[in-house]
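Below: the structure, in structure tokens.
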Amino acid sequence: MLLIYQIKVGLCLIAFYLLWKLLLSRETFHRFNRVALLAVMVLALVLPWIRLSLDATVQVAKPMVVLEDLLVTPDGAAATQQASSSWGVMDIAAVAYFIGVAMVLAWLLHSQWSLHRLLKQGRRESLPGGITLHVVPGDQSPFSYFKHIVISEQDYRDNPHEILTHEQAHIGLRHSWDVLFMSVVTLFQWWNPAAWLLGRELRQVHEYEADESVLNQGINAKQYQLLLIRKSVGDKLFSMANNFNYQSLKKRIRMMSMNKSSRWNRLRALAAVPVIALALLAFANNKSVAAVVTADVQQDRVTQSAEETPELVLVGMRPDNTAEVEAAPQADDVKAKVQTPQETEPQSKKVYNSVEQMPEFPGGVAAMMRYLQENIKYPPEAAKNDIEGRVVVQFIIDKTGEVEDVKVVRPVSEELDAEAVRVVKSFPKFEPGRQDGEAVAVWYTLPISFKLQSKPQPQEGEKPQIP
């Protein structure tokens, strides 16, 4: 769930960054631009949590079947020792993601530690507004951090007024809070270039705001720009601070020389509205009577996902390896282990747990999904008694492609178990699995989750439907 959420946030950030770069990055209303940048970051974090329900108004005469997160491979009923070391794509992605988070966090903590260590050096002076000035030795770039300003001895002797005015503007405008929020966003979106680029744009706007504040206090623009040029190289920067010497000096000088943008140009920000609407639609719960099914084939695994629909949800068809079955979400939070069948030779024929070429349903995975959608039925007695759960069925696809030896290895109720077995037994012949070029019998495990959705409440003025 976390990875899916972060991907959705990342897509929103990419869209918002492109809009910002095209429409607002060259405008001179810096306060508005700062608010806009912060707003799009907040929106990117919030939009994936807003789940609109797009309910179809079609009357449903019987429970529907939907496939969600369907995984099909050769029967994964592999040995237990293999299951414990088996890693899927999502497992690898999750590990890589958290390694990246740990590395960025370590970098931010190191920067913070270095910053606090620097604040303990040199002499301190008190400035109006509760600001503490730290005058430090060496070639240190001036910067501000919340209520602290750091400046080198040389800068304090040569250009104290311009530099202090600039840093006091950062503090007065509370830019350090923006930098802190931006650091949290980039921590969890470290993989997304748009997050880092938006952070860079926000820092740039901070500099524009501080420069504007300096010039508004009567400091000569040419003299101030020459100071920026002199201070443009050779200084140490901190990721969590507002640095006087920020990288894009050319842009800052050009921005100071530009004519003020028209206030009407702020309306360009409305271009974000269609992006927000599109995101809400993309993240919505599309509840309709027809299932939308897509498949993604990668190596030996087929991933199937679909939107939720009203009544019955059939989820999680995947190879039986114990770890994956345990990881499957259960309605009652119960995690059950499925006993893995060993390679045996019943009736003088060997049954494999995994083979080089998997058995294939006639017509492929899409045909299997259609077959399940069209043939599975929610048992009326189970629906009447609100019985839900996941039935795990194991069976053999023999060397001729026939389904045999169907059994329930994780029961839920007599009705649901019987329906799961019935559907599996009704499968047509598969293309058999092959090992070393010969057709062989293969174990399969099929978890089927039955879930009832609550009936929609009648709208005001509408008579309830009588079944």
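Keep in mind that this is a model prediction, so the values were computed, not measured.
- Using a 4.5 Å heavy-atom cutoff, the side chains of Phe181 and Val42 are in contact.
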Carefully, step by step, assess Lys8 and Trp49 under the rule side-chain contact (heavy atoms from CB on, under 4.5 Å). CA-CA 10 Å; Lys8 291 179 179 179; Trp49 292 106; over 6 Å; no
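- Summarising the geometry of Ala96 relative to Trp190, their closest heavy-atom pair is O-CZ2, 3.5 Å, with the distance given to 0.1 Å.
- Using a cut-off of 4.0 Å between Lys/Arg side-chain N and Asp/Glu carboxylate O, Glu381 and Lys384 are scored as not salt-bridged.
- When side chains are defined from C-beta on, Lys425 does not count as touching Val403, because their heavy atoms never get closer than 4.5 Å.
- Lys377 has no carboxylate O lying under 4.0 Å from a charged side-chain N of Glu419, or vice versa, which leaves the two without a salt bridge.
- The two residues Pro362 and Lys429 have their closest heavy-atom pair at CD-O, 3.2 Å.
- Counting only distance, with no hydrogens or angles, the side chain of Asn33 and the backbone of Leu24 share a donor-acceptor pair below 3.5 Å.
- Using bins of under 30°, 30° to 60° and over 60° for the plane-to-plane angle, the ring pair Phe427/Phe395 lands in the perpendicular bin.
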Decide side chain to side chain donor-acceptor pair (under 3.5 Å) for Glu207 and His170; before the verdict, give the C-alpha distance in whole Å, the side-chain angles of both, and the deciding distance to 0.1 Å. CA-CA 8 Å; Glu207 297 304 319; His170 278 305; 3.3 Å; yes
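- Ring pair His206/His175 is parallel by interplanar angle, where below 30° counts as parallel and above 60° as perpendicular.
- Around the CZ atom of Arg26, the shell of radius 6.0 Å holds no more than 12 heavy atoms that belong to other residues, nucleotides or ligands.
- The minimum heavy-atom distance between Met255 and Tyr208, with the atom names listed, is CE-CE1, 3.6 Å.
- Here the side chains of Lys350 and Val440 are not in contact, with every heavy-atom distance at 4.5 Å or above.
- Leu45 places a side-chain heavy atom less than 4.5 Å from the side chain of Tyr5.
- Proximity of Phe16 to Val275: side-chain heavy atoms (C-beta onward) are separated by under 4.5 Å at one or more points.
- Checking side-chain atoms of Thr28 against main-chain N and O of Ser261 turns up a donor-acceptor pair under 3.5 Å.
- The shortest distance between side-chain heavy atoms of Tyr97 and Leu2 falls below 4.5 Å.
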Test side chain to side chain donor-acceptor pair (under 3.5 Å) on Glu415 and Ser413 and set out the steps. CA-CA 5 Å; Glu415 298 86 356; Ser413 74; 3.3 Å; yes
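- Using a 4.5 Å heavy-atom cutoff, the side chains of Met358 and Tyr444 are in contact.
- Val40 places none of its side-chain heavy atoms less than 4.5 Å from the side chain of Tyr17.
- Using a cut-off of 4.0 Å between Lys/Arg side-chain N and Asp/Glu carboxylate O, Glu201 and Lys21 are scored as salt-bridged.
- Ring geometry, His110 versus Trp113: the interplanar angle falls from 30° to 60°, so the pair is classed tilted.
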